[in-house]
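Have a look at the structure below, then the notes.
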Amino acid sequence: MAKTQLNVRVDEGTARAARERALARGMSVNRYIEELVRQDTGEAGHTFVEAAADFMKQYEAVFAEEFGADREGGTGSRSEGRR
């Protein structure tokens, strides 16, 4: 993916915090800021929801066995019609 350069002015405290947080995460300040923007625009949230849905689908039988398919009004097959 092509990269575009942005120039941003922030106060010294914000710059220091960005550097410290990036360092703590083992990434560049550029990558740290890029990740923050992605999270804010929902990409991370969308990815999380997809992963959670895949997890639930994969372990649906385990949950049904542990907690019962009839619990809370569930029928066991109700989740197949969702999405």
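Keep in mind that this is a model prediction, so the values were computed, not measured. Both backbone and side-chain heavy atoms feed into the values below; hydrogens, waters and symmetry mates do not.
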(request) To the nearest 0.5 Å, tell me how far Leu36 CG sits from Arg38 CZ. (result) 11.0 Å
(message) Just to verify, what does Arg16 make a salt bridge (Lys or Arg N to Asp or Glu O under 4.0 Å) with, not counting sequence neighbours?
(response) none
(request) Look at the rings of Phe55 and Tyr59 and say which category their plane angle falls in: under 30° parallel, 30 to 60° tilted, over 60° perpendicular. (result) tilted
(request) Begin with the C-alpha distance, continue with both residues' side-chain angles, and end with the deciding distance and a verdict on side-chain contact (heavy atoms from CB on, under 4.5 Å) for Lys3 and Glu34. (result) CA-CA 11 Å; Lys3 298 282 185 172; Glu34 189 174 11; 3.3 Å; yes
(request) Output the distance between atom NZ (Lys57) and atom CD (Glu60), rounded to the nearest 0.5 Å. (result) 9.0 Å
(request) Taking side chain to side chain donor-acceptor pair (under 3.5 Å) as the test, write out the residues that go with Arg21, two or more places apart. (result) none
(message) If I take atom CD from residue Glu35 and atom CZ from residue Arg25, how far apart are they, to the nearest 0.5 angstrom?
(response) 10.0 Å
(request) Mind checking side chain to side chain donor-acceptor pair (under 3.5 Å) for Ser28 and listing every partner two or more places apart, or none if nothing turns up? (result) none
(message) My understanding is that only residues two or more places apart in sequence, or in another chain, count here; which of them pass side-chain contact (heavy atoms from CB on, under 4.5 Å) with Val10?
(response) Val8, Thr14, Ala15
(request) Could you list the residues that satisfy side chain to side chain donor-acceptor pair (under 3.5 Å) with Gln58, not counting sequence neighbours? (result) none
(request) Test Arg9 against Asn7 for side-chain contact (heavy atoms from CB on, under 4.5 Å), laying out the working first. (result) CA-CA 7 Å; Arg9 291 185 185 273; Asn7 295 312; over 6 Å; no
(message) Are Leu23 and Met27 connected into the same hydrophobic cluster when the rule is that any two of I, L, V, M, F, W, Y join if their side-chain heavy atoms are below 4.5 Å apart?
(response) no
(message) Taking side chain to side chain donor-acceptor pair (under 3.5 Å) as the definition, give me every residue that meets it alongside Glu20, ordered by chain and number, with sequence neighbours left out.
(response) none
